[in-house]
A.B. asks: 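Before I ask anything, let me first share the structure, which is written out below as structure tokens.
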There are 2 protein chains.
Amino acid sequence: MALEIRPSQALRLWRQVHLDLVQDGDADLSARQTAILLTIYLELPPHTVRGLAQQLGVTKPVITRALDTMGKLGLVSRKRDDFDRRNVIIQRTVAGALAVERLADLIVQRSRELGAG
Amino acid sequence: MALEIRPSQALRLWRQVHLDLVQDGDADLSARQTAILLTIYLELPPHTVRGLAQQLGVTKPVITRALDTMGKLGLVSRKRDDFDRRNVIIQRTVAGALAVERLADLIVQRSRELGAG
DNA sequence: CGATAATGATACGGATCCGAAACGATCAGA
DNA sequence: TCTGATCGTTTCGGATCCGTATCATTATCG
């Protein structure tokens, strides 16, 4: 079930999708923000600041700031953990789910357009 | 010759490669910088500031700044066009070619590890 | 020559991000 | 209770980036 892709195809796919993301006018996320967003939407909850920091190998303030930014964009939301009020649970949103879905469709579409390369 | 990939696979690939890029410690490039870098290394030269700005749909200072940053990282270099000294020709470098090659290998490797998803 | 156009770089104010350190709030255990 | 650990946030100085506007240099053409 492994995906068969050649290096030149991989690069063209990577370039084209990034071009689309830049041109779509949506606030383009940094690599870190992208990794955080997709981790939240692909991995099993619950997600915490500390957990995300560990998975990404970055410090906690990086996560806090990324959540601030993506929260303003409506891509994620935060909620105190009622069982341990030190924790913050990061939650998905409708807008975030839609954005992730759009990204998936974009990658799929651009990969279909790849030639033999 | 189209690449068969499902949305969930696309997202897992996107996430994993971004995780790798963040963790590799290399200065992670923005979406714009990535698009610029790959355009320089995939499209036929010569590349100019103006041409890149048009292809990306951004303003010229964005390109100038990105070239400053990537120049410091050794990923690209600049050279005056001797036939029209208003132009600046953006050139590839050995370090840049290596970085692009590493990115390609990373994508290929991670795509091989995808399950049926 | 002189006027106009084109190119890439720079100045500017504002926004964002970084890592390190410190902080307040909360929990756990003696 | 109270001491220490844990959690997420905030602060700090410094760096980067943004878009707009402007700049110096160079080319083009009358």
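Below, chains carry the letters A, B, ... as their sequence lines are ordered, and counting in each starts from 1. Quick note: numbers below take in every heavy atom, side chains included, and nothing from hydrogens, waters or symmetry partners.
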A.B. asks: Expressed in angstrom and rounded to an integer, what is the separation of A:L67 atom CG from C:dC17 atom P?
C.D. replies: 11 Å
A.B. asks: Do B:R80 and B:N87 touch side chain to side chain, with heavy atoms closer than 4.5 Å?
C.D. replies: no
A.B. asks: Mapping B:K72 and B:V62 to their closest nucleotides on DNA chain D, which lands nearer the 5' end?
C.D. replies: B:K72
A.B. asks: Tell me: CD1 of B:I90 to P of C:dT7, nearest whole Å?
C.D. replies: 13 Å
A.B. asks: Can a side chain N or O of B:Q33 be found less than 4.0 Å away from OP1 or OP2 on D:dT16?
C.D. replies: no
A.B. asks: Distance check needed: D:dG8 C1' versus A:K79 NZ, whole Å only.
C.D. replies: 16 Å
A.B. asks: Would you name the heavy atoms of A:L13 and A:S111 that are closest together and state the gap between them?
C.D. replies: CD1-N, 3.6 Å
A.B. asks: So, taking the atom named OG1 in B:T39 and the one named CG in B:L44, what distance separates them when rounded to the nearest 0.5 Å?
C.D. replies: 12.0 Å
A.B. asks: Taking atom P of D:dC7 as reference, at what distance in whole Å does atom CG of A:D81 sit?
C.D. replies: 12 Å
A.B. asks: To the nearest Å, how far apart are A:L29 CG and C:dC17 C1'?
C.D. replies: 14 Å
A.B. asks: What is the distance, rounded to the nearest whole Å, between atom CG of B:D84 and atom P of D:dT28?
C.D. replies: 6 Å
A.B. asks: Out of C:dA5, C:dT10, D:dG8, which has the shortest distance to the side chain of B:P61?
C.D. replies: C:dT10
A.B. asks: At under 4.0 Å, does any side-chain N or O of A:R32 touch on OP1 or OP2 of C:dC18?
C.D. replies: yes
A.B. asks: Determine the minimum heavy-atom distance between B:L56 and A:Q23, stating which atoms define it.
C.D. replies: O-CG, 3.3 Å
A.B. asks: Nearest to the side chain of B:R85 - C:dG8, D:dA27, C:dT26?
C.D. replies: D:dA27
A.B. asks: Counting side-chain heavy atoms from CB outward, which of D:dC7, D:dA27, D:dT9 is closest to A:N87?
C.D. replies: D:dC7
A.B. asks: Can you check whether B:L67 reaches B:T64 side chain to side chain, under 4.5 Å on heavy atoms?
C.D. replies: no
A.B. asks: Please pick, from C:dC17, D:dT20, C:dT7, the nucleotide with the shortest atom-to-atom distance to any side-chain atom of B:T59.
C.D. replies: D:dT20
A.B. asks: Figure out the NZ/C1' separation between B:K60 and D:dA21, and round it to whole Å.
C.D. replies: 12 Å
A.B. asks: Report yes if a side-chain nitrogen or oxygen of A:T69 is closer than 4.0 Å to either non-bridging phosphate oxygen (OP1 or OP2) of C:dC17; otherwise report no.
C.D. replies: yes
A.B. asks: Looking only at non-hydrogen atoms, find the nearest pair between A:R92 and A:P45 and report the distance.
C.D. replies: NH2-CD, 3.8 Å
A.B. asks: Applying the side chain to side chain contact (heavy atoms under 4.5 Å, CB included) test to A:L29, which of A:L21, A:L75, A:T69, A:L103 qualifies?
C.D. replies: A:L75
A.B. asks: With heavy atoms under 4.0 Å as the rule, sort A:S30 into base, sugar-phosphate or nothing.
C.D. replies: nothing
A.B. asks: Under 4.0 Å: is that the gap between some side-chain N or O of B:R65 and OP1 or OP2 of D:dC18?
C.D. replies: yes
A.B. asks: Using only side-chain N and O atoms of A:R78, determine if any of them is under 4.0 Å from OP1 or OP2 of D:dT9.
C.D. replies: yes
A.B. asks: Counting only side-chain nitrogens and oxygens, does A:T64 get under 4.0 Å of the OP1 or OP2 atom of D:dG8?
C.D. replies: no
A.B. asks: Considering only heavy atoms from C-beta outward, does the side chain of A:D81 approach that of A:T48 to under 4.5 Å?
C.D. replies: no
A.B. asks: Using whole Å, report how far CZ of B:R80 lies from P of D:dA24.
C.D. replies: 15 Å
A.B. asks: Residues from residues 44-56 of chain B sitting under 4.0 Å of DNA chain C, heavy atoms only?
C.D. replies: B:T48, B:V49, B:R50
